[in-house]
Amino acid sequence: MVPGNLTHVSGFLLLGFSEAPELQPLIFGLFLSMYLITVFGNLFIILAVSSDSHLHTPMYFFLSNLSFVDICFTSTTIPKMLWNIQTQNKVISYEGCITQMYFFALFVGLDDFLLTVMAYDRFVAICHPLHYTVIMSARLCGLLVLVSWVINVLHSFLQTFMVLRLSFGREVIIPHYFCELKQLVQLACSDTFLNDMVMYFATVLLGGAPLAGILYSYSRIVSSICEISSAQGKYKAFSTCASHLSVVSLFYCTCLGVYLSSAVTQSSHSSATASVMYTVVTPMLNPFIYSLRNKDIKRALKALFRRTTIKTPVVLS
């Protein structure tokens, strides 16, 4: 295949959710609210972990990294969609679309890898409690996060390079609210066989391997919990991983729902609506899951708000 000349591609048209003018203010308000809740909720988690010395442990180190990635994840797509609604202009430049696709692939992959690392952390804590501090050293924790970043940066670069070699028509309409890799490949004018192979191979390798790691970790965790004799001991052991298990279930169930719905309905608008679940709703709910089910986080948040209130001067008119 001859690489397509992309100089004529000025931009793409993002259709979004609905073209009805009366629905635009509702969509704008809804997504702005969810975006602000996501950003501030995850930011509070990061501040709570960094400000409380009792939370300077591997589990909360990974949690703060997950919160940072979730902020970046939603910031990749939602601000552009809000800007398009506000300006009533649905065009995104070719460079902007490729950049959005790159960072979306990066952060969704990082989400997956960090959830896997957190599952390993819970596995070590429950199955090898006496060796936990030795195994989960600061060096290993930093290395696990670094490797996650390196793998996903390289994967995103590879997928971006594969898209750059494709050619597109002068008017490309994307039936979505952001530039998704699969949508761009499907809309290309040139042969996409190699792109499809790389995409499917990466999905199996970078999606299947983390899922297998999570399933293995929790199979060992469940086995270890069942060996605990007291009911109180079982509850205490399970409570340490309940929040993470909830987040993992939410992430994978929503991702699976997106691809099942797109395969069954063959409707791009239905796929875009379903994508909201893992691109917006899941990052928004993560801080609530961890703060509501975790006493340490709730205590740190209360202390953070208390210090903020004391430091804020009261101005009397």
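Since this is a predicted model, take the numbers as computed values, not measurements.
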Straight-line distance of Asp112 CG to Cys255 SG, nearest 0.5 Å: 7.5 Å
Value for CG (Leu63) from CZ (Phe68), rounded to nearest 0.5 Å, stands at 14.0 Å
Linked, directly or transitively: Phe113 and Met199 (ILVMFWY side chains, under 4.5 Å): no
Is a donor on one side and an acceptor on the other found under 3.5 Å between the side chain of Ser224 and the backbone of Ile126? no
Parallel, tilted or perpendicular: which fits the ring planes of Phe123 and His128, with parallel below 30° and perpendicular above 60°? perpendicular
Tell me, do Leu301 and Phe44 make a side-chain contact under 4.5 Å, heavy atoms counted? yes
Closest non-hydrogen atom pair between Gln183 and Ile174, with its separation: CB-CG2, 4.3 Å
Can you tell me if Asp111 and Tyr278 form a side-chain donor-acceptor pair at under 3.5 Å? no
Would a hydrophobic clustering, with Ile, Leu, Val, Met, Phe, Trp and Tyr connected at side-chain separations under 4.5 Å, put Ile289 with Val281? yes
Validation row, ring centre Phe168 to ring centre Phe12 under 6.0 Å: yes
Tightest non-hydrogen contact, residues Cys189 and Gly169, listed as SG-N, 3.3 Å
Between Ser230 and Gly233, is there a donor-acceptor pair closer than 3.5 Å when you use the side chain of the first and the backbone of the second? yes
Under the side chain to side chain contact (heavy atoms under 4.5 Å, CB included) criterion, do Ile71 and Ile46 qualify, and how do the steps go? CA-CA 11 Å; Ile71 292 175; Ile46 296 172; 4.2 Å; yes
Is there side-chain contact between Pro210 and Tyr252, with at least one heavy-atom pair below 4.5 Å? yes
Is there a chain of hydrophobic side chains (I, L, V, M, F, W, Y, each step under 4.5 Å between heavy atoms) that links Phe61 to Ile135? yes
From Cys179 SG over to Phe104 CZ, what is the distance, rounded to the nearest 0.5 angstrom? 11.0 Å
Mind running side chain to side chain contact (heavy atoms under 4.5 Å, CB included) on His244 and Val248 for me, showing each step along the way? CA-CA 6 Å; His244 176 260; Val248 168; 3.3 Å; yes
Under 4.5 Å between any side-chain heavy atoms of Ile225 and Tyr235, yes or no? no
Within one Ile-Leu-Val-Met-Phe-Trp-Tyr cluster: Ile228 and Val222, side-chain cutoff 4.5 Å: no
Are more than 12 heavy atoms, taken from residues, nucleotides or ligands other than Glu22, located less than 6.0 Å from that residue's CD atom? yes
Sidechain-backbone polar pair: His56 side chain, Val49 backbone, donor-acceptor under 3.5 Å: yes
Which side chain to side chain donor-acceptor pair (under 3.5 Å) pairs, counting each pair once, include a residue from residues 68-83, with sequence neighbours left out? Tyr35-Ser75, Asp70-Asn286, Lys80-Asn84
Does the side chain of Phe107 come within less than 4.5 Å of Leu110's, by heavy atoms? yes
Just how far is it from atom CG of Leu206 to atom CZ of Phe201, taken to the nearest 0.5 Å? 8.5 Å
Residues Asp296, Tyr60; criterion side chain to side chain donor-acceptor pair (under 3.5 Å); working and verdict: CA-CA 10 Å; Asp296 294 331; Tyr60 295 111; 3.1 Å; yes
Result block: side-chain N/O donor-acceptor pairs under 3.5 angstrom for residues 146-164, not counting sequence neighbours:
{"residue": "Ser148", "atom": "OG", "partner": "Leu144", "partner atom": "O", "Å": "2.8"}
{"residue": "Asn152", "atom": "ND2", "partner": "Ser148", "partner atom": "O", "Å": "2.8"}
{"residue": "His155", "atom": "NE2", "partner": "Gln159", "partner atom": "NE2", "Å": "3.2"}
{"residue": "Ser156", "atom": "OG", "partner": "Leu106", "partner atom": "N", "Å": "3.0"}
{"residue": "Ser156", "atom": "OG", "partner": "Asn152", "partner atom": "O", "Å": "2.9"}
{"residue": "Thr160", "atom": "OG1", "partner": "Ser156", "partner atom": "O", "Å": "2.7"}

Side chains of Cys141 and Met136, heavy atoms from C-beta outward: is any pair under 4.5 Å? yes
Side-chain (Ser190) to main-chain (Ser167) donor-acceptor, under 3.5 angstrom: yes
Taking every heavy atom of Thr240 against every heavy atom of Met59, the minimum-distance pair comes out as O-SD, 4.1 Å
Cys127 to Pro129 - nearest heavy-atom pair and separation: C-CD, 3.4 Å
Would a single hydrophobic cluster contain both Leu66 and Leu43, if residues Ile, Leu, Val, Met, Phe, Trp and Tyr are joined by side-chain heavy-atom contacts under 4.5 Å? yes
Side chains of Thr279 and Tyr177: is there a donor and an acceptor less than 3.5 Å apart? yes
Given Phe31, which of Leu82, Leu26, Leu36 fulfils the side-chain contact (heavy atoms from CB on, under 4.5 Å) condition? Leu82
Gap between atom CG of Leu245 and atom CG of Leu250 - 0.5 Å precision: 11.0 Å
Can you list the residues that meet the salt bridge (charged side-chain N to carboxylate O under 4.0 Å, His left out) rule with Arg220, with sequence neighbours excluded? none
Approximate separation, where rounding is to 0.5 Å, of Ile214 CD1 and Tyr218 OH: 8.0 Å
Nearest heavy-atom pair of Ser51 and Leu304: which atoms, and what distance? OG-CD1, 4.1 Å
Compare every heavy atom of Leu55 with every heavy atom of Ala48, then report the nearest pair and how far apart it is. O-CD1, 3.8 Å
Go through it in stages, so that I can follow the logic: the residues are Phe73 and Phe103, the test is side chain to side chain contact (heavy atoms under 4.5 Å, CB included), and I'd like the CA-CA distance, side-chain angles, deciding distance and then a yes or no. CA-CA 8 Å; Phe73 185 28; Phe103 282 109; over 6 Å; no
Go through it in stages, so that I can follow the logic: the residues are Leu15 and His176, the test is side chain to side chain contact (heavy atoms under 4.5 Å, CB included), and I'd like the CA-CA distance, side-chain angles, deciding distance and then a yes or no. CA-CA 6 Å; Leu15 290 185; His176 218 300; over 6 Å; no
